[in-house]
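Reviewing the structure listed below.
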Amino acid sequence: MLDQIHLLAAVTVLGVLEQAYFFLQVIYARRMFGISPPKTSGPPEFERIFRAQVNCSEYFPIFLALLWQAGLFFHQGLAAALGLLYLYARYCYFMGYRASSSERLAPIYFGTGVLWILVVASALGISHFFLSHYVGLNILQLLPA
C-alpha cells in the first residue's frame, strides 16, 4: 500500500513545509514593519506578504484534496509531478506578490491551470472507478490498443 502513496506523501510534506515558510515570512514582515497581531494592515510591502500567505493558505486544502484524489484514482506519478509544479507555481506567486501585486498574475494563472488538470484527472479516475466497480464497465478495455 505504501508504494502506492509514497510520492503523494512526499509532495504533501513539501507543501506543508512551503506553507510553514510562508507563515515565517509573515512573522518576519511583522517584525520588520512593527505590526503586532491581530493587525493585518500596514505598509503595502507588509500587506502584499500577508495577502500572499493568506491566499496560499486558502488554496492549500483544495490542492491537497485534488492531489490525493488524482493520485489514488488516476495515477500517483502524474499527480505528484503536477503537485510539484503547483508548489513551484505557489512559490513563484508568493515571491512575485511580495515584490509587486502585478507579478503574482502569471504564477497564479499557471497554478490554477495545474489545479484544473488535477480536477480533470480526479474526475476521470473517480468516474472510471465507479463505472468499473458498480456498473462493471471498464473503459480502458474499450479503448483501441
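For the single chain, residues carry numbers from 1 onward in sequence order.
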- Heavy-atom side-chain contact between Tyr28 and Ile49 under 4.5 Å: no
- Atom CZ in Arg90, atom CG in Leu115: separation rounded to 0.5 Å? 7.5 Å
- Item | Side chain to side chain, Met32 and Glu45, heavy atoms closer than 4.5 Å | no
- Item | Side chain proximity check, Ile117 to Tyr86, heavy atoms < 4.5 angstrom | no
- Item | From CD (Gln25) to CE (Met95), nearest 0.5 Å | 6.0 Å
- Query: Hey, what's the ring geometry for Tyr91 with Tyr21, parallel, tilted or perpendicular (30° and 60° as the breaks)?
  - Reply: tilted
- Over all atoms of both residues, closest heavy-atom pair of Ser122 and Leu66: OG-O, 3.4 Å
- Message: Would you say Leu85 ends up clustered with Leu87 if hydrophobic residues are merged whenever their side chains have heavy atoms under 4.5 Å apart, either directly or through other cluster members?
- Response: yes
- Query: Can you hop from Leu64 to Leu17 via hydrophobic side chains spaced under 4.5 Å?
  - Reply: no
- Message: So, taking the atom named OH in Tyr109 and the one named CZ in Arg104, what distance separates them when rounded to the nearest 0.5 Å?
- Response: 7.5 Å
- Message: Are Trp116 and Phe110 linked, directly or through intermediate hydrophobic residues, by side-chain heavy-atom contacts shorter than 4.5 Å (ILVMFWY only)?
- Response: yes
- Item | Side chain proximity check, Ser41 to Glu47, heavy atoms < 4.5 angstrom | yes
- Item | Shortest non-hydrogen contact between Ala29 and Phe46, atoms and distance | CB-CD1, 3.8 Å
- Query: Would you call Phe23 and Ser57 a side-chain contact if the rule is heavy atoms closer than 4.5 Å?
  - Reply: yes
- Task: Measure the shortest side-chain to side-chain distance between His128 and Phe73 over non-hydrogen atoms and say whether it is less than 4.5 angstrom.
- Result: no
- Task: Treating Ile, Leu, Val, Met, Phe, Trp and Tyr as nodes and any side-chain heavy-atom pair under 4.5 angstrom as an edge, say whether Phe129 and Val119 lie in one connected cluster.
- Result: yes
- Task: Report the distance from atom OG1 of Thr112 to atom OH of Tyr59, rounding to the nearest 0.5 Å.
- Result: 5.5 Å
- Query: Are the side chain of Gln76 and the backbone N or O of Gly71 linked by a donor-acceptor pair below 3.5 Å?
  - Reply: no
- Cut-off 3.5 Å, side chains only: do Asn55 and Tyr93 have a donor facing an acceptor? yes
- Message: Using the rule side-chain contact (heavy atoms from CB on, under 4.5 Å), only one of Leu82, Ile62, Thr12, Leu7 pairs with Leu67; which is it?
- Response: Thr12
- Looking only at heavy atoms, the pair that brings Ile35 and Pro43 closest together is CD1-CD, 3.7 Å
- Message: Parallel, tilted or perpendicular: which one describes the rings of Phe22 and Phe94, with boundaries at 30° and 60°?
- Response: parallel
- Distance, nearest 0.5 Å, that separates NZ of Lys39 from CZ of Phe50: 12.5 Å
- Taken to the nearest 0.5 Å, the spacing of Leu105 CG from Ser100 OG works out to 8.5 Å
- So, for Phe130 and Tyr134, is the gap between ring centers shorter than 6.0 Å? yes
- Note on the structure: Heavy atoms of Leu118 and Ala70 approach each other most closely as CD2-CB, 3.8 Å
- Cluster overlap Trp68 with Leu2, hydrophobic side-chain contacts below 4.5 Å: yes
- Query: Is atom CZ of Phe60 surrounded by more than 12 heavy atoms (other residues, nucleotides or ligands) closer than 6.0 Å?
  - Reply: yes
